[in-house]
Amino acid sequence: MSDTSSTVSISSLGQKLTMINGKVGIVAVLALHWFVFWLLNGLDKFFNANNFFGVDFKNKLKGPPGADGLLANLGFSDGWAAPIAIIVGIIEVVLALLFLVAIVNLFQRRTRSSDGVLACLTLSVLFFGLLSAGAVLFGDRAAMEQHAIFIIALLASWFVVGKSAAKA
């Protein structure tokens with residue numbers, strides 16, 4: 001292979017990557033990431049069992065057989081575990097659907113379409129704030145650490161989307 005043909009193929013690859021970036025930018029990629037994140041997190045609340053991947057949120061609230069879970073820390077009965085898991089799961093699926101709407105708006109090239117992604121990111125930070133408050137009340141330090149990491153990732157996403165919107 002000659003230098004000329006490798007230069008042409010690298011140049012061609014660069015043009016294709018530029019074309020892909022023009023059609024699917026970082027805003028769409030971040031929105032897709034958070035859509036998948038919230039969808040899988042939400043569905044996990046409904047399909048959590050020993051044979052399903054993910055955290056069994058309901059059993060984390062109830063605790064393993066013979067031991068107290070997070071609900072016991074506040075004096076609540078185990079009967080609250082399923083309703084709390086369902087409510088959290090519904091909110092997470094709704095957030096996923098909002099990100100999906102924002103993604104559709106991005107690809108339809110609506111004016112200021114990144115505003116939808118910014119709104120979804122803001123709602124996500126607010127929801128993690130609510131989850132963090134729950135983690136503090138339940139005394140779940142590991143969950144607090146996870147929520148803080150996700151809030152930082154959401155704020156970084158918010159910053160990148162905001163910068164991208166300002167350039168457009």
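- Scanning for side chain to side chain contact (heavy atoms under 4.5 Å, CB included) contacts around S124 gives W38, L95, F99, L154, with sequence neighbours left out.
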For residues 84-93, which side-chain donor-acceptor pairs fall under 3.5 Å, sequence neighbours excluded?
from	atom 1	to	atom 2	distance (Å)
E92	OE1	G42	N	3.2
E92	OE1	K45	NZ	3.0

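- Residues meeting the side chain to side chain contact (heavy atoms under 4.5 Å, CB included) test with L130, sequence neighbours left out: F127.
- L30 CG to L121 CG: the interatomic distance, rounded to the nearest 0.5 Å, is 7.5 Å.
- Annotation: side chain to side chain contact (heavy atoms under 4.5 Å, CB included) contacts of V36 (sequence neighbours excluded): L32, L40.
- Smallest separation of non-hydrogen atoms from L118 and G162: CD2-N, 3.9 Å.
- When all heavy atoms of V27 and S114 are compared, the pair lying nearest together is CG1-CB, 4.3 Å.
- Between D115 atom CG and L106 atom CG the span is 10.0 Å, to the nearest 0.5 Å.
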Evaluation steps, side-chain contact (heavy atoms from CB on, under 4.5 Å), between W158 and V161: CA-CA 5 Å; W158 197 90; V161 171; 6.0 Å; no

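- Taking 4.5 Å as the limit, some side-chain heavy atom of L123 sits within range of a side-chain heavy atom of L98.
- Closest non-hydrogen pair, I151 versus S132, comes out as CD1-OG, 4.2 Å.
- Checked against ring pair (Phe, Tyr, Trp, His ring centres under 6.0 Å), F37 has the following partners two or more places apart in sequence or in another chain: W34, F150.
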Run the side-chain donor-acceptor check on residues 135-149: report pairs under 3.5 Å with partners two or more places apart or on a different chain.
from	atom 1	to	atom 2	distance (Å)
D140	OD1	A143	N	3.4
D140	OD2	K60	NZ	3.0

